[in-house]
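See structure below.
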2 protein chains.
Amino acid sequence: MTVSPIVHRLASAMLVLATGAAGAAAPALKELPPKPSVADVVKASKPGDWRPLDPDNTLYMDLPTGRVVIELAPAFAPATAANIRALVREQYFDGLAIIRSQDGFVVQWGDANEEQPRAYKAAKTVKAEFTAPMKSAGAFTPLKDGDVYAPEVGHAGGFPAARDPKSGQAWLVHCYAMIGVARGNEADSGNGSQLYVVTGHSPRQLDRNITVVGRVVSGMPLLSAQPRGLGAAGFYEKPEQRMPIKQVRLAADLPEAERSRFEVMRTDSATYQAVVEAQRNRGGPWNKVATGKIDLCNAPIPVRER
Amino acid sequence: MTVSPIVHRLASAMLVLATGAAGAAAPALKELPPKPSVADVVKASKPGDWRPLDPDNTLYMDLPTGRVVIELAPAFAPATAANIRALVREQYFDGLAIIRSQDGFVVQWGDANEEQPRAYKAAKTVKAEFTAPMKSAGAFTPLKDGDVYAPEVGHAGGFPAARDPKSGQAWLVHCYAMIGVARGNEADSGNGSQLYVVTGHSPRQLDRNITVVGRVVSGMPLLSAQPRGLGAAGFYEKPEQRMPIKQVRLAADLPEAERSRFEVMRTDSATYQAVVEAQRNRGGPWNKVATGKIDLCNAPIPVRER
């Protein structure tokens, strides 16, 4: 079993420094007892704690450097997910490129050619799916430490989400690795033909202002480490700066043997609660203060490859 | 005047998509009136809204790809800042390298050679400066929308900070571009010879667990877009994967003519309050919902080059 870099990242307290000596006048910090780490909890998980990706909601974006695996979230954005499927099935993305990398913000892909854009049959506009009725967004597992932006945050269907019981609306949250649908000024101008992924601190000001349609479950480094674009908003100014997209495919359209085999931890499982708790209050010896809080975008969502 | 990428990022609502048509069944979203953007507020600022970097607290880390400019925060970490100055003055970092890039977390630099580490005269241990007394941390300008992790958050001396009036302690916060001091399990084992910068969603679980010593004010893309390391915790496994550091110098040790000329907006100015408000409630036509909230790490701290 391998686990995703996201699990490694959050499980790790490895800010390793190879100096030995103790001594000096360190302030008296309490020694915390050791506790299971996120990696320990993942290791002790049971098969039922995991769900396979649904092939109808899984995209493979193949770059020259490797494969990015994307999980779509039709419970929150059914019309947009359907249009992305349509675009993929007419091979719209094949040969297009990564066109933008804005530091600490997003990486974006699609058609760089604004004057003679590639033609396609899929819908040119899709209704705004910035929020969804709570009842159609599925079961919601709340986090208990609050949030600056939303009345309630937690997970729904394996995605970081927020909701407002007063309005009855739920929405996906712009955490690291979440995928949104670029648009112009018109609310319905985001049709899925240009997508972006969050690569910096979660830009929560975008929540409820744009359709969020899924998450990168594997391959983030292929996107996040792209050189930053030097044009306005991080767009690449020269064609040779753009990384080409070899192809984007729906997992369901590939034979079994060609599919990646990722599983995502069920965020409504007791094991996931243990993951969250392991990250909320990390044990010694490295940690000196048990934080006792966690914000939504610091809650890891474990992924593994079978 | 140029402004830093950080200003561009947050000022921009440029998730541009070149589809024209309106139409379709978009939900009825209110049209927000246009408002000054962060960039507009920055443009209208006065000279007194800015402070030059103090040469005694400014480091230039010169990489083959360009210069990273770092502002140290001695108000929060005086002993650590002093030891970093000592390391720089004995040219400790020259010829060392970027040794780690963990996706969505940190990039780290220092000596990769654990078996025969480079010798140096500066202190091998420095007392933990994970928090500082509120009275020595300087004036604090609070943000009003709360925080998941800390009782109060805001800015002190131009850095994102938190404080707890009950304990009387203040601390720097692990926002994007903040620099921390790698350490081993001993609290005093972080001496500044290995430093890291936050490159993903703010890892707030590190707050109060490690010394934070400053911020990258220019050159973040030179660090954040480093290819991710494939070893545990993102360490590079092969020497050729490490980007070498040409030299690190204290601005005060260079002749005037060789110094970069950056200014940072004063976070205790009325203009900075306007910057924060411009980001809290962004205007139309692109934005459809005025967020009405901002978390500390989404509050931009404008930087410009004279």
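Because the structure is predicted, anything quoted here is derived from the model rather than measured. Letters A, B, ... mirror the listed sequences (proteins, then strands); counts begin at 1.
The contact between B/Pro285 and chain A is made by backbone and side chain atoms together, counting heavy-atom distances below 4.5 Å. B/Ser224 touches chain A through backbone and side chain together, each having a heavy atom under 4.5 Å away. Of the two parts of A/Ser202, the backbone and the side chain both hold a non-hydrogen atom closer than 4.5 Å to a non-hydrogen atom of chain B. Heavy atoms closer than 4.5 Å to chain B are found nowhere in A/Leu222, neither backbone nor side chain.
Side chain of B/Asn209 to backbone of A/Lys288: a donor-acceptor contact under 3.5 angstrom is found. No side-chain donor-acceptor contact under 3.5 Å links B/Arg204 to the backbone of A/Thr291. At least one donor-acceptor pair closer than 3.5 Å links the side chain of B/Arg183 to the backbone N or O of A/Trp286. A donor-acceptor pair under 3.5 Å links the side-chain atoms of B/Tyr149 to the main chain of A/Asp295, judged by distance alone.
Of all heavy-atom pairs spanning A/Asp147 and B/Val148, the tightest one is CA-CG2, 3.9 Å. Residues B/Ala225 and A/Pro227 share a closest heavy-atom pair of CB-CA, 4.1 Å.
Note that CZ of B/Arg208 is 11.5 Å distant from CG of A/Asn287, once rounded to the nearest 0.5 Å. Between atom OG1 of residue B/Thr199 and atom OH of residue A/Tyr176 there is a gap of 7.0 Å, rounded to the nearest 0.5 Å.
Put simply, the side chain of A/Leu206 reaches to within 4.5 Å of the side chain of B/Arg282, judged on heavy atoms. Residues A/Gln205 and B/Asn298 are in side-chain contact: their nearest non-hydrogen atoms beyond the backbone lie under 4.5 Å apart.
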